[in-house]
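Accompanying notes for the structure given below.
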Amino acid sequence: MNEFSNDNKYGFKLTEDEEWFVVHDSAVTNTNPGSMVYVTIDTTPICPNMTDREFRVMAKRLLGWAVTLVERRIADLNRYDSATKARMTYWFNRSDDGTRQYLMAGFSRHLAALKSLTPASLVRSDPKLDRMLGCVPNLINVDQEAAHVCGPNTERRLVGIALKFCNVLRDQNMYGDSRLSTLIHEVTHFADTFASGDPRYGIDPKAAEWARNNPEQALRNADTLTGYVIYGEPLFAV
């Protein structure tokens, strides 16, 4: 029996652990008039310091961790105990029920968006792709960027990965920026999650102090929302 028979009718294996690319789903030869498909495939890795297969394994792990952390915060908000109120106050200088409801609704949408992502949703950063998705590329301080999304494009939900994500950040960091925090941060930008902005970058004690002094901005600031989710959480076992 063909071991690939369950993947598609042509017998090509299409699991995320294989280096296959779907370029056409209705023809595999040029025997039919007009069926020839010409494609250009850019084989440049997403991260230069790892293969795309290694990247996908890492991405799957990070996305799973992100889901776990957001589910943890939603459970906290449902419980609404003294520890939850203390965490809310630390990051937003408020713990009233209106803020709880806002965070509950936002992170419920955020969780749904996270669960819709796959390793294939993380792609190499490309200004042409940004334009195609309907966004203006960020051409300022690109060396400092770890990743970005086109917030209004909630249909495709692609996350553009930049070199800082690959070469500078580590997978996890209890008290600072990481690849994991970057993914949580980027999903807050989507128009149907928090539609967050970036008035203040960074996850650290000074970031929390800024947030407490600017609670209205903090509730829409990507890194404050991310800090609320991730800061001080024990590292996941690898």
*Where the side chain of T84 meets the backbone of D76, is there a donor-acceptor pair that is under 3.5 Å apart?*
yes

*Any donor and acceptor pair, going by atom type alone, linking the side chain of D204 with main-chain N or O of A207 inside 3.5 Å?*
yes

_Could you measure the distance from the CG atom of L219 to the CZ atom of F194? Nearest 0.5 Å is fine._
8.5 Å

*Would you give the length of the straight line joining atom CG of N93 to atom OG1 of T99, rounded to the nearest 0.5 angstrom?*
10.0 Å

*Look at the side chain of S125 and the backbone N and O of G160, then say whether any donor-acceptor pair between them is shorter than 3.5 Å.*
no

*Could you name each residue pair satisfying ring-ring contact (aromatic ring centres under 6.0 Å, His included) that touches residues 197-216, not counting sequence neighbours?*
none

_Do K164 and T182 have side chains that approach each other closer than 4.5 Å (heavy atoms only, starting at C-beta)?_
no

_side chain to side chain contact (heavy atoms under 4.5 Å, CB included) partners of A208, counting only residues at least two apart_ = Y90, W91, R212

For residues 227-238, dump all side-chain donor-acceptor pairs below 3.5 Å to protein atoms at least two apart in sequence or in another chain.
residue, atom, partner, partner atom, Å
E233, OE1, R72, NH1, 2.4
E233, OE2, R73, NH1, 3.2
E233, OE2, R73, NH2, 3.3

*Taking salt bridge (Lys or Arg N to Asp or Glu O under 4.0 Å) as the test, write out the residues that go with R170, two or more places apart.*
none

_I'd like to check the salt bridge (Lys or Arg N to Asp or Glu O under 4.0 Å) partners of E155; sequence neighbours left out, ordered by chain and number._
none

*Sub-4.5 Å side-chain heavy-atom contact between F190 and V149*: yes

_Before you tell me yes or no, could you show the steps for N49 and N167 under side chain to side chain contact (heavy atoms under 4.5 Å, CB included), namely the whole-Å CA-CA distance, both residues' side-chain angles and the distance that decides it to 0.1 Å?_
CA-CA 7 Å; N49 55 340; N167 299 334; 3.5 Å; yes

*Close side-chain approach of F107 and L225, heavy atoms under 4.5 Å*: yes

_Nearest non-hydrogen partners of R179 and F165, listed with the distance_ = NE-O, 2.8 Å

*Any side-chain heavy-atom pair from D177 and L169 closer than 4.5 angstrom?*
yes

*Please assess R200 against K206 for the test side chain to side chain contact (heavy atoms under 4.5 Å, CB included), listing each intermediate value before the final yes or no.*
CA-CA 10 Å; R200 208 283 187 184; K206 289 186 178 180; 3.7 Å; yes

_Minimal non-hydrogen separation, D96 against M88, with atom names_ = O-CE, 3.9 Å

*For V159 and V123, what are the C-alpha separation, side-chain angles and deciding distance, and is it a side chain to side chain contact (heavy atoms under 4.5 Å, CB included)?*
CA-CA 6 Å; V159 182; V123 299; over 6 Å; no

*M174 with I184, same ILVMFWY side-chain cluster at under 4.5 Å*: yes

_Check: S95 side chain, T89 main-chain N or O, donor-acceptor pair, under 3.5 Å_ = no

*Any idea which heavy atoms bring L77 and R100 closest together, and the distance?*
O-NH1, 2.8 Å

*Give a yes or no on whether I161 and L129 share a hydrophobic cluster (residues Ile, Leu, Val, Met, Phe, Trp, Tyr; joining criterion: side-chain heavy atoms under 4.5 Å apart).*
no

*asked:* Tell me if a side-chain donor or acceptor on E54 pairs with a main-chain N or O of T51 at a distance below 3.5 Å.
replied: yes

_So which atom in A191 and which in T154 form the shortest heavy-atom distance, rounded to 0.1 Å?_
N-CG2, 4.1 Å

*Is it true that Y102 and F92 have ring centroids separated by less than 6.0 Å?*
no

*Please list, chain by chain and in numerical order, all residues satisfying salt bridge (Lys or Arg N to Asp or Glu O under 4.0 Å) with D126, sequence neighbours excluded.*
none

_So, using ring-ring contact (aromatic ring centres under 6.0 Å, His included) as the criterion, who are the partners of H189 when residues are at least two apart?_
H185

_Set of residues satisfying side chain to side chain contact (heavy atoms under 4.5 Å, CB included) with respect to S108, sequence neighbours excluded_ = I74

_Residue pairs involving residues 167-215 (criterion disulfide bond (SG atoms under 2.5 Å apart); sequence neighbours excluded)_ = none

*Is L114 linked to V57 within one hydrophobic cluster, defined over Ile, Leu, Val, Met, Phe, Trp and Tyr using a side-chain heavy-atom separation of less than 4.5 Å?*
no

_Are L63 and V67 linked, directly or through intermediate hydrophobic residues, by side-chain heavy-atom contacts shorter than 4.5 Å (ILVMFWY only)?_
yes

*Closest approach of R124 and T44, non-hydrogen atoms and distance?*
NH1-O, 2.6 Å

*May I ask you to test the P45-M50 pair for a side-chain heavy-atom distance under 4.5 Å?*
no

*asked:* As an exercise, state the distance from CG of L180 to CG of L69, rounded to the nearest 0.5 Å.
replied: 5.5 Å

*Show your working on side chain to side chain contact (heavy atoms under 4.5 Å, CB included) between M132 and R156 and close with a plain yes or no.*
CA-CA 11 Å; M132 185 185 75; R156 297 193 64 182; 3.0 Å; yes

*Please examine the side chains of L111 and T193, heavy atoms only from C-beta on, and report whether any two atoms are closer than 4.5 Å.*
no

*Given the rule that I, L, V, M, F, W and Y join up when any side-chain heavy atoms are under 4.5 Å apart, are L163 and L62 in one cluster?*
no

*Sequence neighbours excluded, which residues qualify as salt bridge (Lys or Arg N to Asp or Glu O under 4.0 Å) partners of D192?*
R157

*Would you indicate whether the side-chain heavy atoms of N173 and S181 approach each other to under 4.5 Å?*
no

_disulfide bond (SG atoms under 2.5 Å apart): pairs with one or both residues in residues 157-238, sequence neighbours excluded_ = C47-C166

*C135 and G151: which non-hydrogen atoms are nearest, and at how many Å?*
SG-N, 4.3 Å

*Could you tell me whether the side chain of S121 and the main chain of L158 form a donor-acceptor pair under 3.5 Å?*
no

*asked:* Going by salt bridge (charged side-chain N to carboxylate O under 4.0 Å, His left out), name the pairs with one or both residues in residues 216-232, residues two or more places apart or in two chains.
replied: R94-E216

_4.5 Å side-chain heavy-atom contact, I203 and T226_ = yes

